[in-house]
Amino acid sequence: DNSYTEARTEFADAFNDVNGYIEDNSFNLTLPYPGGSYQNPWYVTYNGRTDYAISKTLADILTNMNDRRLTKFAGTGSSFPFGLERNDAVAFTASVGGGYAQVLNPTFRTESSSLVIVNAATALLAIAEGIQRTWITPPGETADQKYRAAIQQSYQQWGLSIQNANQQIANAATDRKSTRLNSSHA
């Protein structure tokens, strides 16, 4: 397929570019907002509106994985069920007294909070996929190494420790092993 070949070529060209790629958070493309006339868009979203919430689907997945980033991706409160009709959504909102978890922890959606546009974690996950697909074959680097580095960079970006990231990676590895064992006995 021509589009597959083109994607592979473009990906390899980008990976091999002389300027490199974002591989740690110090190079994240971040948009600063000073506040005043230039406010963080998440702050603007919640300025007068409170009916945006983190989805129950995402919150459940992160909770089941014991992923500590949930505390950064959402405020406190109930996560919002996905796909509700308007009347059901209004009823849910009333049932929790409007106390559902807003998108992002409040410390990341102040008037002057910076907003990360492109981060190291995303670039590293893309590279892990490129290695997995054999679009690139960097000497001495594996998809697993890049995957681990991506998780670590993500945790650090959100102010969480490498130890938390490494625990998350270990939990995911255990879950994958358990899933493989269970599916082989099905």
Side-chain angles (χ1 to χ4, degrees), residues 1-35 38-45 52 54-55 57-62 64-74 82 103-105 107-110 112-177 179-180 183:
D1 182 305
N2 191 38
S3 60
Y4 178 85
T5 302
E6 185 176 349
R8 179 183 182 141
T9 300
E10 293 296 326
F11 189 91
D13 287 350
F15 176 77
N16 292 312
D17 188 90
V18 67
N19 294 307
Y21 55 88
I22 299 172
E23 55 187 321
D24 76 58
N25 291 320
S26 65
F27 295 103
N28 287 354
L29 174 58
T30 304
L31 187 57
Y33 287 94
Y38 301 100
Q39 299 171 336
N40 176 292
W42 284 106
Y43 174 81
V44 173
T45 297
Y52 292 103
I54 189 167
S55 77
T57 303
L58 177 60
D60 287 351
I61 289 169
L62 293 173
N64 290 338
M65 292 175 60
N66 296 316
D67 192 320
R68 295 174 189 235
R69 290 173 293 182
L70 178 58
T71 64
K72 309 299 181 172
F73 296 166
F82 182 75
V103 176
L104 291 178
N105 181 293
T107 60
F108 295 104
R109 53 179 160 82
T110 68
S112 58
S113 295
S114 294
L115 186 64
V116 176
I117 307 297
V118 181
N119 63 13
T122 303
L124 290 164
L125 285 172
I127 291 164
E129 183 176 354
I131 294 170
Q132 184 71 30
R133 290 175 176 260
T134 68
W135 287 3
I136 54 173
T137 53
E141 295 183 307
T142 66
D144 188 63
Q145 289 170 329
K146 292 300 184 182
Y147 169 79
R148 290 171 185 272
I151 301 303
Q152 290 169 342
Q153 289 298 310
S154 178
Y155 268 71
Q156 285 184 317
Q157 175 189 330
W158 292 101
L160 298 166
S161 73
I162 288 288
Q163 291 78 14
N164 292 150
N166 290 339
Q167 183 60 51
Q168 182 62 42
I169 292 166
N171 290 347
T174 300
D175 289 347
R176 281 193 308 269
K177 183 178 180 182
T179 300
R180 279 194 303 266
S183 65

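Values in this document were obtained by computation on a predicted structure and should not be read as measured data.
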Quiz item: What's the verdict on side-chain contact (heavy atoms from CB on, under 4.5 Å) for I162 and Y155, showing C-alpha distance, side-chain angles and the deciding distance?
Solution: CA-CA 7 Å; I162 288 288; Y155 268 71; over 6 Å; no
Practice problem: Mind checking the CG-CD1 spacing from N28 to I117? Nearest 0.5 Å is all I need. | Solution: 10.5 Å
Quiz prompt | Evaluation steps, side-chain contact (heavy atoms from CB on, under 4.5 Å), between V118 and I22 | solution = CA-CA 8 Å; V118 181; I22 299 172; 3.9 Å; yes
Quiz item: Should we say atom CZ of R68 is surrounded by more than 12 heavy atoms from elsewhere, each under 6.0 Å from it?
Solution: no
Quiz prompt | Any side-chain donor near an acceptor of the partner, Q167 and N171, under 3.5 Å | solution = yes
Quiz item: Between CG of N164 and OG of S154, what distance do you get to the nearest 0.5 Å?
Solution: 11.5 Å
Quiz item: Looking at residues at least two apart in the chain, or sitting in another chain, which of them share a salt bridge (Lys or Arg N to Asp or Glu O under 4.0 Å) with D60?
Solution: K56
Self-check item: Between CZ on residue F15 and CD on residue E10, distance to nearest 0.5 Å
Solution: 15.5 Å
Quiz item: How close do A143 and I131 get, heavy atom to heavy atom, and via which atoms?
Solution: N-CG2, 3.5 Å
Quiz item: Just by modelled atom types, is the T122 backbone N or O under 3.5 Å from a matching donor or acceptor in the N119 side chain?
Solution: yes
Quiz item: Between W135 and A12, which heavy-atom pair has the shortest distance, and what is it?
Solution: O-CB, 3.8 Å
Quiz item: Distance-only, no hydrogens or angles: does the R109 side chain make a donor-acceptor pair with backbone N or O of Y43 under 3.5 Å?
Solution: no
Quiz prompt | Check: T9 side chain, T5 main-chain N or O, donor-acceptor pair, under 3.5 Å | solution = yes
Quiz item: Which heavy-atom pair separates D67 from Q168 by the least distance, and what is that distance?
Solution: CA-OE1, 3.3 Å
Quiz item: When rounded to the nearest 0.5 angstrom, what distance separates CG in L70 from CG in L62?
Solution: 5.5 Å
Practice problem: May I ask you to check whether N16 and Y21 show a side-chain donor-acceptor distance below 3.5 Å? | Solution: no
Quiz item: So do R148 and Q145 actually touch side chain to side chain, heavy atoms under 4.5 Å?
Solution: no
Quiz prompt | Pair W42, Y33: side-chain N/O donor-acceptor within cut-off below 3.5 Å | solution = no
Practice problem: Quick one: list whatever passes salt bridge (Lys or Arg N to Asp or Glu O under 4.0 Å) with E141, sequence neighbours left out. | Solution: K146
Quiz prompt | I136 and I127, any side-chain heavy atoms less than 4.5 Å apart | solution = yes
Exercise. May I have the step-by-step check of side-chain contact (heavy atoms from CB on, under 4.5 Å) for R8 and T134, ending in yes or no?
Key: CA-CA 9 Å; R8 179 183 182 141; T134 68; 4.2 Å; yes
Quiz item: Under the 3.5 angstrom rule, does the side chain of N40 hit a backbone N or O of S112 as a donor-acceptor pair?
Solution: no
Exercise. To the nearest 0.5 angstrom, please state how far the CD1 atom of I54 sits from the CG atom of L104.
Key: 8.5 Å
Quiz item: In chain order, what residues pass the salt bridge (Lys or Arg N to Asp or Glu O under 4.0 Å) check against R133, with sequence neighbours excluded?
Solution: E129
Self-check item: Interatomic spacing from CG in N105 to CZ in F108 - rounded to 0.5 Å
Solution: 6.0 Å
Exercise. Step through the shown structure and confirm whether more than 12 heavy atoms of other residues, nucleotides or ligands are within 6.0 Å of CZ on F82.
Key: no
Quiz item: What pair of heavy atoms forms the shortest contact from T30 to S114, and how long is it?
Solution: CG2-CB, 3.5 Å
Exercise. State, with a plain yes or no, whether a side-chain heavy atom of S113 is found less than 4.5 Å away from one of T107.
Key: no
Self-check item: Main-chain N/O of V44 paired with Q39 side-chain donor or acceptor, under 3.5 Å
Solution: no
Quiz item: Any idea which heavy atoms bring D24 and Q153 closest together, and the distance?
Solution: CA-OE1, 3.2 Å
